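Structure first, then comments.
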Amino acid sequence: MTRLLSAVAGLTALAFAAAPVAAFPERTVRIVVPFPAGGSNDVIARIVAQRLSEIWKQPVVVENRGGAGGNVGAEAVARADADGYTLLLAAPGPLAINPSLFQRMNFDPLKDFAPVALTASVPIVLAVNPQVRANSVAELIALAKSEPGKLHFGSSGAGSTNHLAGELFKSLAGINIIHVPYRGAAPAMNDLVAGHIPFMFDNMPAIRPQVAGGKIRAIAVAGAARSSLYPELPTMAEAGVAGFEASAWFGLVAPAATPPAVMKVLVDTTTAVLKEPAIVARFAELGAEPGTVFGPAFGTYLKSEADKWSGIVRAAGLTPQ
C-alpha cells in the first residue's frame with residue numbers, strides 16, 4: 001500500500017509538472033506610470049505599451065498614478081496580484097532614489113519587484129525660460145549669485161532625477177537656489193514655459209519639442225558626454241561645474257512573486273520590442289536610447305543605481321524626510 005501511494009503521488013507530481021502553463025496574457029495588462037501624463041516617463045510607457053499590445057493581441061493600458069515622488073504608484077504595483085497583469089514603468093525615483101530621501105517607505109524597491117527591463121535611458125538637459133538673462137551656465141550661476149535665494153527651479157517632484165540634478169548644481173556651483181516640486185514633469189514644464197519658474201533640469205524627450213518651438217532655451221546637458229541631438233551644447237562639466245554628471249532612465253518591473261513562466265514572457269517580449277528598428281528610431285527622435293539590460297541583470301543595475309544616487313543625495317546635502 002505504501003508503494004502504491006508513493007507511485008500515485010509520483011504520477012500526480014509528474015502530471016502537474018507536465019501541465020501546460022496558461023497562456024499569458026489572456027486579458028488586459030496594466031502599466032502603472034507613477035507620475036502624471038505628459039512627462040517623459042509617460043511618453044516612453046505609451047510607446048512600449050502600444051507595441052506590446054500589438055504583439056500580445058491584448059490591450060495594454062497605461063495608468064498614471066502620481067504622488068509622493070512616485071511612491072504611490074510604485075506601492076500600488078508592489079501590492080498588486082503577482083500575475084503579470086499589473087506592471088510598473090518608472091523613473092529612478094521610486095526604484096533607486098527614494099530610499100535615500102524618505103525615512104519611511106511602504107515597499108522595498110529591491111525586494112518587492114521582479115526586474116523586467118531597463119526600458120530607456122535619456123540625457124538630462126538644463127533649460128531656461130527665454131526671458132531669463134542667461135545664455136550659458138556661467139551666466140546662470142552669476143545671476144543666481146547676484147540674487148541669492150530668489151531663483152527657483154522646478155522638478156517633477158522630490159527625489160526625481162531632475163530635482164537631484166538641481167540640488168547637485170546648487171551644491172557644486174555654490175549657489176542659493178530654491179526647489180519647487182511639482183506633481184510630475186509636465187506641470188513643471190508648463191510653468192517653465194509660462195515663466196513662473198526661470199529654469200529646470202528635465203529629460204530630453206520633454207525638452208525637445210519645447211526647444212523646437214522656441215518656448216524654452218537649452219543651455220547644457222547634464223550627462224558625461226554631449227548629446228548628438230544638441231552637439232553644440234556643452235556638458236555641465238565643460239561649462240565649468242566640475243564633477244557634475246546626472247542622467248535618467250526608465251525601467252519596467254513586476255510584483256516580486258510573479259511566476260517564472262510569466263516573467264519569461266515579459267522579459268522576452270520586452271527585449272524583442274526594444275531591439276526593433278522602428279522602436280529604436282522612435283526613441284531616437286525623442287532623444288532616448290532603448291535599454292540593453294534585462295531580467296536579473298536589470299536587478300543588478302538597480303542596485304548599482306541605488307548606490308550611485310545615494311551618493312548624489314549625500315553630495316547635495318539632502319536629509320531623508
Side-chain angles (χ1 to χ4, degrees), residues 32-35 39-41 65-79 88-115 118-124 126 153-185 188 200-203 222-224 236 241 243-253 256 291 293 297-321:
V32 174
V33 170
F35 302 101
S40 301
N41 198 159
R65 192 165 182 177
N71 286 350
V72 171
E75 182 183 351
V77 176
R79 301 288 174 257
L88 175 73
L89 203 159
L95 292 178
I97 297 175
N98 290 357
S100 297
L101 284 176
F102 289 79
Q103 289 184 350
R104 179 180 177 182
M105 291 175 57
N106 296 323
F107 65 96
D108 185 326
L110 298 180
K111 294 180 180 179
D112 292 340
F113 295 118
L118 173 65
T119 311
S121 57
V122 298
I124 295 176
L126 172 57
F153 71 96
S155 82
S156 59
S160 61
T161 50
N162 45 22
H163 167 214
L164 292 188
E167 295 289 353
L168 191 61
F169 181 39
K170 175 181 179 179
S171 174
L172 295 178
I175 54 179
N176 182 6
I177 53 178
I178 308 301
H179 173 229
V180 181
Y182 288 80
R183 292 178 60 86
M200 70 179 289
F201 290 86
D202 204 358
N203 301 330
M236 291 292 291
V241 187
F244 194 106
E245 193 279 320
S247 57
W249 49 263
F250 305 102
L252 185 67
V253 296
V293 185
F298 180 44
T300 302
Y301 178 85
L302 286 175
K303 177 62 170 63
S304 68
E305 281 292 290
D307 292 341
K308 181 190 84 172
W309 284 105
S310 67
I312 292 177
V313 168
R314 289 193 301 271
L318 302 178
T319 55
Q321 300 298 315

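As the structure is a computational prediction, the values presented were derived from the model and not from experiment.
Note on ring orientation: taking the six-membered ring where Trp is involved, the planes of H179 and H163 are parallel (angle under 30°, cut-offs 30° and 60°).
In this structure, CG in L88 is found 12.0 Å from CD in E75, a value given to the nearest 0.5 Å. The structure places CG of L318 at 12.0 Å from OG of S310, a figure rounded to the nearest 0.5 Å. Going from atom CG of L168 over to atom OG1 of T161 covers 12.0 Å, rounded to the nearest 0.5 Å. Here Y182 contributes atom OH and S156 contributes atom OG; the two are 12.0 Å apart, rounded to the nearest 0.5 Å. How far CZ of F102 is from CG of N71: 5.0 Å, rounded to the nearest 0.5 Å. Expressed to the nearest 0.5 Å, how far NZ of K308 lies from OH of Y301 amounts to 6.0 Å.
Not one N or O on the side chain of N162 forms a donor-acceptor pair closer than 3.5 Å with the backbone of G154. Of the possible polar contacts, one joining the N98 side chain to the G69 backbone as a donor-acceptor pair under 3.5 Å is found.
Between R183 and G66, the shortest heavy-atom distance links the atoms NH2-O, 3.7 Å. Here the closest non-hydrogen pair linking G166 and F153 is CA-CE1, 3.6 Å. Across P92 and W309, no two heavy atoms sit closer than the pair CB-NE1, 4.2 Å. Across every non-hydrogen atom of A74 and P94, the tightest pair is CB-CB, 3.8 Å.
The side-chain heavy atoms of P109 and P99, taken from C-beta on, include a pair separated by under 4.5 Å. The shortest distance between side-chain heavy atoms of I312 and S100 does not fall below 4.5 Å. Using a 4.5 Å cut-off on side-chain heavy atoms (C-beta onward), V313 and L101 make contact. The shortest distance between side-chain heavy atoms of W249 and L95 falls below 4.5 Å. F250 is listed as a side-chain neighbour of N203, based on a closest heavy-atom distance under 4.5 Å. Within the 4.5 Å cutoff, the side chain of V253 has heavy atoms near those of the F298 side chain. Between F113 and L302, the closest side-chain pair of non-hydrogen atoms is not below 4.5 Å.
A centroid separation of less than 6.0 Å is found between the aromatic rings of F244 and F201.
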